[in-house]
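Residue numbers count from 1 along this sequence.
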Amino acid sequence: MPKPRAQSCCYDCAPCSEGEISNTTDSENCIRCPYNEWPNEKKNQCIAKIEDFLSYTNDTIPVVFSAISVFLLLITVMILGVFIYYWDTPIVRANNRNLSFLLLVSIKLSFLSVFLFLGRPVDITCMLRIITFGITFSIAVSSLLAKTIMVCVAFKATKPGSSWRKWVGVKLSNSVVLICSSIQIIICMTWLAISPPFQELDLHTYPGTIIIQCNEGSAIGFYSVIGYMGLLAAVSFVLAFLARTLPDSFNEAKYITFSMLLFCSVWITMIPAYLSTKGKNTVCVEIFAILTSSAGLLGCVFLPKCYTILFNPQINTRSHLLGNKSS
């Protein structure tokens, strides 16, 4: 730039401002780089900005998450195989085996949904991410809610002359799952119709870096999905906590209580972490919450049953079931 109070031929060299270069000696003006490029160290050439997302080629985190997800998926498939093999045993039948299979399938889908969060996000994966995880978790929590309701109804129906006996059966449990899941599906479809998620390029958070991320499109839609899922979990937790002491040979209400406590704890702590991070760190928070809560449901609800089926088969008999009920 020209020196003040000096001849017009006298200049001071001033560096170009952020995002600009000068590749000509004694140039009076700087050239701004395109939106996807950034000056090099000498500020004489524009170079491509670094793209920030969970890449399989540049990061080890996606590989770790993929390995954990596949491992938990295999465990879920093995548990599902155990339940199919012991289909007619009392412990499988006593806790509504149809709901157990539905819960296992939804947990398996939640582990598979992790792969939608890995790699370069595009519009379609952005839409499928939240929708898939929201619906699968709603089906899982609805199944646990239906299981808890059936425990309460079955206990009340054992009393002589009880009017609750007409509610014992698969119709009530199927209706609970269908209604609760349908509400979440309606919320998700409304969100997609009004303001769906899309790919977003964040050029301003970190200089020289393009954060490729998913924009929720509608914050109301996102928090409606999370809030409804939290409501289902809270109701299921309260009912399971109240039903945990009911006398039943295979009363799983106490296991549902622990699983819902873990589930709610994970997602409550996830929200502030989600809001305080950017880019791929936000995606890591989401994946961690999905894996932890799904593994919590799998471990708390099904591992005690598998232990009884495989290592304590003398309890898994009709005589033991009837003996406990009569006592």
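Residue pairs that meet the side chain to side chain donor-acceptor pair (under 3.5 Å) test with at least one member in residues 184-199, sequence neighbours left out, are S138-Q184. For residues 278-307, the pairs satisfying ring pair (Phe, Tyr, Trp, His ring centres under 6.0 Å) are F83-F302, Y307-F311, with sequence neighbours left out.
Nearest heavy atom pair, residue W38 against residue P207, reads CZ2-CB, 3.7 Å.
Distance check: I256 CD1 to T148 OG1 gives 3.5 Å after rounding to the nearest 0.5 Å. The OG1 atom of T76 sits 10.0 Å away from atom CZ of F71, with the distance rounded to the nearest 0.5 Å. Here F117 contributes atom CZ and L128 contributes atom CG; the two are 10.0 Å apart, rounded to the nearest 0.5 Å. Annotation: the span from L303 atom CG to I79 atom CD1 amounts to 5.0 Å, rounded to 0.5 Å. To the nearest 0.5 Å, atom OG of residue S293 and atom CG of residue L298 are 11.5 Å apart. Within the model, atoms CD1 of I31 and SG of C46 stand 7.5 Å from one another, a figure rounded to the nearest 0.5 Å.
Here the side chain of D59 pairs no donor or acceptor atom with the backbone of I61 at under 3.5 angstrom. Checking side-chain atoms of S236 against main-chain N and O of A233 turns up no donor-acceptor pair under 3.5 Å. S181 contributes no side-chain N or O that, together with a main-chain N or O of L178, makes up a donor-acceptor pair within less than 3.5 Å. Using a distance-only test at 3.5 Å, with no hydrogens or angles considered, no donor-acceptor pair links the side chain of S69 to the main chain of F65. The backbone N or O of T205 lies less than 3.5 Å from a partner atom in the side chain of D202, making a donor-acceptor pair. Remark: side-chain polar atoms of T132 are not paired, donor with acceptor, to backbone N or O of R129 under 3.5 angstrom. In this structure a side-chain-to-backbone donor-acceptor pair under 3.5 Å is missing from R120 to F53.
F263 and W267 have tilted rings, their planes meeting at an angle from 30° to 60° on a 0 to 90° scale.
Annotation for F237: atom CZ counts as buried by contact number, over 12 foreign heavy atoms lying within 6.0 Å. Applying the 6.0 Å contact sphere to CD1 of I220 captures no more than 12 heavy atoms from other residues, nucleotides or ligands. Crowding of M189 atom CE: a count of heavy atoms from other residues, nucleotides or ligands under 6.0 Å exceeding 12. Atom CZ of F115 has more than 12 neighbouring heavy atoms from other residues, nucleotides or ligands inside a 6.0 Å radius.
There is no side-chain donor-acceptor pair under 3.5 Å between K280 and S55. Between the side chains of S294 and S110, at least one donor N or O sits under 3.5 Å from an acceptor N or O.
For the pair I47 and E37, the minimum side-chain heavy-atom distance is 4.5 Å or more. Taking the side chain as every heavy atom from C-beta outward, L145 and C180 approach each other to under 4.5 Å. The closest side-chain heavy-atom distance from F133 to I226 is below 4.5 Å. Counting only heavy atoms from C-beta outward, the side chains of M127 and I124 approach each other to under 4.5 Å.
For the side-chain contact (heavy atoms from CB on, under 4.5 Å) test with I287, the passing option among T282, T292, L118 is L118; the others fail.
The side-chain contact (heavy atoms from CB on, under 4.5 Å) check on V64 picks up I68, with sequence neighbours excluded.
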